[in-house]
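Here is the structure we will look at.
Only a predicted model underlies this, so the values are computations on that prediction, with no experimental measurement involved.
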Amino acid sequence: MASFTLRPTDRQEFDSLLGGIVQQFPEAQVEAAHNDTWASYRVDISCADPAAGPLIAWLLDTHAGCPRT
């Protein structure tokens with residue numbers, strides 16, 4: 001099981017991250033929020049095995065610089 005929060009730095013990265021997860025990992029549970037006025041973006045993701053491994057690998061490959069907690 002993988003569960004974490006990503007904090008994209010801008011709207012473009014937020015949209016790319018969210019779109020990629022929804023398309024490639026439909027089994028993942030995603031909650032996203034944004035406020036363009038405050039430049040605040042958050043994507044909460046949880047995913048059960050066996051899809052958790054490929055999801056983590058994809059995030060490291062395509063969004064490695066995105067801060068996460």
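- Under the 4.5 Å side-chain heavy-atom criterion for ILVMFWY residues, a single connected hydrophobic cluster contains both L60 and V30.
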Practice task
Given side-chain contact (heavy atoms from CB on, under 4.5 Å), test F25 with I45 step by step and report yes or no.
Solution key: CA-CA 10 Å; F25 304 96; I45 307 163; over 6 Å; no
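- Screening residues 44-69 for salt bridge (Lys or Arg N to Asp or Glu O under 4.0 Å), with sequence neighbours left out, gives R42-D44.
- Within the model, atoms CD of Q23 and CG of L18 stand 10.0 Å from one another, a figure rounded to the nearest 0.5 Å.
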Exercise for the section: Apply the test side-chain contact (heavy atoms from CB on, under 4.5 Å) to residues T62 and L17: give CA-CA distance (whole Å), side-chain angles for both, the deciding distance (0.1 Å), then the verdict. Expected result: CA-CA 9 Å; T62 59; L17 179 63; over 6 Å; no
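- The two residues P54 and P50 have their closest heavy-atom pair at CD-O, 3.2 Å.
- Among residues two or more places apart in sequence or in another chain, the side chain to side chain donor-acceptor pair (under 3.5 Å) test is passed with Q29 by none.
- Residues satisfying the side chain to side chain contact (heavy atoms under 4.5 Å, CB included) test with S16, not counting sequence neighbours, are H63.
- The side chain to side chain contact (heavy atoms under 4.5 Å, CB included) search around A48 returns M1, not counting sequence neighbours.
- Heavy atoms of other residues, nucleotides or ligands lying less than 6.0 angstrom from CD of E27 number more than 12.
- Taking Y41 as the reference, F14 meet the ring-ring contact (aromatic ring centres under 6.0 Å, His included) condition, with sequence neighbours excluded.
- The salt bridge (Lys or Arg N to Asp or Glu O under 4.0 Å) pairs that include a residue from residues 10-22 are R11-D15, R11-D36, where partners are two or more places apart or lie in different chains.
- Of all the heavy atoms in S46 and S3, the pair that sits closest is CB-OG, 3.9 Å.
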